[in-house]
Amino acid sequence: MKTKPIGIILIVLGILMLLYNSFNFTTTEKVVDIGPIQVNKEVNHPIAWSPIIGILLAVGGVVLLVVGNKKKA
């Protein structure tokens, strides 16, 4: 099993999760629908995570890279 690509992906993902620790997406909900009259409302849905998750992913990626290099030697 090749651990180097997985380790690199985990490091990049961990760094991205440290830089961007949340994001929002918006949905449109129908509030009133009376014949030709429609009233819509945009609702924000924030998704946030702890920076600790990014640190753990990056450290896990480094561990995979180190373990993968030790097995070759």
Side-chain angles (χ1 to χ4, degrees):
M1 184 172 143
K2 298 188 179 198
T3 58
K4 186 174 181 178
I6 297 171
I8 292 171
I9 290 171
L10 285 177
I11 292 170
V12 170
L13 190 62
I15 291 171
L16 286 174
M17 288 183 79
L18 280 171
L19 294 176
Y20 302 103
N21 54 3
S22 67
F23 68 93
N24 291 326
F25 68 94
T26 306
T27 58
T28 303
E29 294 181 2
K30 196 177 292 187
V31 178
V32 175
D33 186 10
I34 305 173
I37 299 172
Q38 293 184 355
V39 177
N40 294 325
K41 168 175 92 167
E42 288 188 357
V43 178
N44 285 328
H45 300 280
I47 296 178
W49 51 82
S50 173
I52 295 172
I53 296 172
I55 293 169
L56 290 175
L57 285 174
V59 168
V62 170
V63 168
L64 281 178
L65 286 177
V66 170
V67 169
N69 286 338
K70 283 187 179 180
K71 284 185 179 179
K72 288 181 181 179

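Numbers for residues simply follow the sequence, beginning at 1.
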Sub-4.5 Å side-chain heavy-atom contact between Leu57 and Met17: yes
Thr26 OG1 to Glu42 CD distance, which is reported to the nearest 0.5 Å: 6.0 Å
Worked verdict on His45 versus Thr27 for side-chain contact (heavy atoms from CB on, under 4.5 Å): CA-CA 8 Å; His45 300 280; Thr27 58; 2.8 Å; yes
In one Ile/Leu/Val/Met/Phe/Trp/Tyr side-chain cluster, 4.5 Å: Val31, Ile37: no
Check: Thr28/Asn40 side-chain N/O donor and acceptor closer than 3.5 Å: no
Hphob cluster co-occupancy, Ile52 + Phe23, side-chain heavy atoms under 4.5 angstrom: no
Val67 and Thr3, any side-chain heavy atoms less than 4.5 Å apart: no
Other ILVMFWY residues reachable from Leu19 by side-chain steps of under 4.5 Å: Ile8, Ile11, Val12, Ile15, Leu16, Tyr20, Val62, Leu65, Val66
Minimum heavy-atom distance Trp49-Ile53, with the two atoms named: CB-CD1, 4.1 Å
Any side-chain heavy-atom pair of Ile55 and Leu18 under 4.5 Å: yes
Derivation of the side-chain contact (heavy atoms from CB on, under 4.5 Å) call for Leu10 and Leu64: CA-CA 9 Å; Leu10 285 177; Leu64 281 178; 3.7 Å; yes
